[in-house]
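What follows is one structure encoded as structure tokens, with my remarks underneath.
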2 protein chains.
Amino acid sequence: MPTRADEQTWTIAQVAEEFGITHRTVRHYEDLGLISPERHGTKRLYRRRDRTRLQLILRGKRLGFPLDQIRTIIDLYDAPRGKRSQLQYVLDQIDDRRTDLEQRRRDLDDALTELDRFEDRCREDLARIT
Amino acid sequence: MPTRADEQTWTIAQVAEEFGITHRTVRHYEDLGLISPERHGTKRLYRRRDRTRLQLILRGKRLGFPLDQIRTIIDLYDAPRGKRSQLQYVLDQIDDRRTDLEQRRRDLDDALTELDRFEDRCREDLARIT
DNA sequence: GTCCTCCTTGACGTTGACGTAAACGTAAAG
DNA sequence: CTTTACGTTTACGTCAACGTCAAGGAGGAC
């Protein structure tokens with residue numbers, strides 16, 4: 001892994017601030033195994049990799065996934081793919097995940113379509129009143 | 001409203017079964033004011049309108065919205081639009097809502113794009129192994 | 001009648017996702 | 001050296017979204 005020790009690091013307060021969450025939330029994600037920052041003595045050190053994972057976590061949350069499901073998802077990106085069987089497993093997981101995401105996109109598109117039609121009706125009403 | 005009394009109705013067990021949820025969940029939604037079925041004496045009677053709202057609720061849940069937010073959303077579709085100011089309020093709400101949904105769609109598209117790229121990498125690995 | 005089944009209203013329990021407060025370590029600033 | 005600003009663990013609190021009894025009503029089947 002190209003993780004140089006001299007790479008930039010952040011404290012828990014800095015990442016919390018940057019992502020608009022509390023340090024308690026960051027630690028909660030660590031408790032659940034979603035991130036595992038290095039320690040410098042007793043203090044946590046966050047690197048680019050941890051921030052990437054945090055990005056993924058927060059996007060997963062915006063999409064309404066529970067945290068344990070988010071963990072299995074982002075862990076998938078780091079899963080071993082050396083053996084053929086391992087690769088096949090990862091590919092299967094990718095498929096499951098895509099099915100889920102595409103269902104959500106259908107729901108989302110439906111919701112947006114309905115919203116548009118509703119807006120049209122409202123605008124017609126408005127024209128009638130004016 | 002064209003709600004005829006002879007229209008088809010369902011019991012709580014029937015709607016629960018049909019939507020794949022428990023009667024407790026249905027009642028919970030009623031407690032929060034998301035649906036308000038008629039009563040025939042003491043028993044609940046669900047009509048088409050209630051089932052439509054249930055559809056919307058469950059889709060909202062699949063999209064990760066909290067229940068109280070779902071309520072304000074589906075209530076919007078029944079909000080009064082007689083006066084000009086009321087209509088304008090509804091149109092503003094529609095805009096807020098669309099902004100939210102479009103953000104979610106961006107997140108969703110990003111997630112799907114990343115997933116596709118990851119699958120490509122995995123398939124390359126697989127080809128290399130084979 | 002009396003089962004049986006489905007319905008009702010409480011009310012307490014549980015799980016996820018944190019908030020919050022206590023009690024303490026540490027390292028630079030004055 | 002003490003203060004101040006962070007950091008740490010441990011632990012209990014909270015809120016949403018239900019689950020899970022408990023105790024009982026109402027109407028058909030027999």
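Labels below follow one simple rule: chain letters A, B, ... track the order of the sequence lines, proteins then strands, and each chain is numbered from 1.
- The CD1 atom of B:Ile129 sits 11.0 Å away from atom NZ of A:Lys83, with the distance rounded to the nearest 0.5 Å.
- Applying the 4.0 Å criterion to OP1 and OP2 of C:dC7, one finds that B:Thr11 has a side-chain N or O inside that range.
- What separates CD1 of B:Ile21 from C1' of D:dG19 is a distance of 14 Å, to the nearest Å.
- Nucleotide D:dA17 holds its C1' atom 11 Å from the CG atom of B:Asp68, rounded to whole Å.
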Check: protein-nucleotides 18-21 of chain C nitrogen or oxygen pairs below 3.5 Å:
residue, atom, partner, partner atom, Å
C:dC18, OP1, A:Lys61, NZ, 3.1
C:dC18, OP2, A:Tyr29, OH, 2.9
C:dC18, OP2, A:Lys61, NZ, 2.9
C:dG19, OP2, A:Thr22, OG1, 2.7
C:dG19, OP2, A:Thr25, OG1, 3.1
C:dG19, N7, A:Arg24, NE, 3.4
C:dG19, O6, A:Arg24, NH2, 3.3
C:dT20, O4, A:Arg24, NE, 2.8

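- In this structure, A:Ile70 places its CD1 atom 12 Å from C1' of C:dG16, rounding to the nearest Å.
- Between A:Arg44 and D:dG7 there is no side-chain polar atom (N or O) within less than 4.0 angstrom of OP1 or OP2.
- B:Arg51 forms a cation-pi arrangement with B:Trp10, by the criterion of a distance under 6.0 Å to the ring centre and an angle within 45° of the ring axis.
- The pair A:Arg71-A:Asp68 does not count as a salt bridge, with every side-chain nitrogen at least 4.0 angstrom from each carboxylate oxygen.
- Both the sub-6.0 Å distance and the 45° axial angle are not jointly satisfied by B:Arg98 relative to the ring of A:Phe118.
- Nearest nucleotide to the B:Pro66 side chain, out of C:dC6, D:dT8, D:dA17: D:dA17.
- Here the side chain of B:Leu32 is nearest to one of D:dT8, D:dA17, D:dG7, namely D:dA17.
- Distance, A:Leu34 CG to C:dG16 C1': 13 Å, rounded to whole Å.
- Following rounding to the nearest Å, B:Asp31 (CG) and C:dG10 (C1') show an atom-to-atom distance of 11 Å.
- A cation-pi arrangement is present between B:Arg104 and B:Phe65 under the rule of less than 6.0 angstrom and at most 45 degrees off the ring axis.
- Residue B:Cys122 holds its SG atom at 9.5 Å from OH of A:Tyr77, rounded to the nearest 0.5 Å.
- Put simply, NZ on A:Lys43 is 9 Å from P on C:dA28, counting in whole angstrom units.
- With salt bridges taken as basic N to acidic carboxylate O contacts below 4.0 Å, one links B:Arg81 and A:Asp125.
- Here the C1' atom of nucleotide C:dA17 and the CZ atom of A:Arg62 are 17 Å apart, to the nearest Å.
- Atom CG of A:Leu45 is separated from atom C1' of C:dA27 by 15 Å (rounded to the nearest Å).
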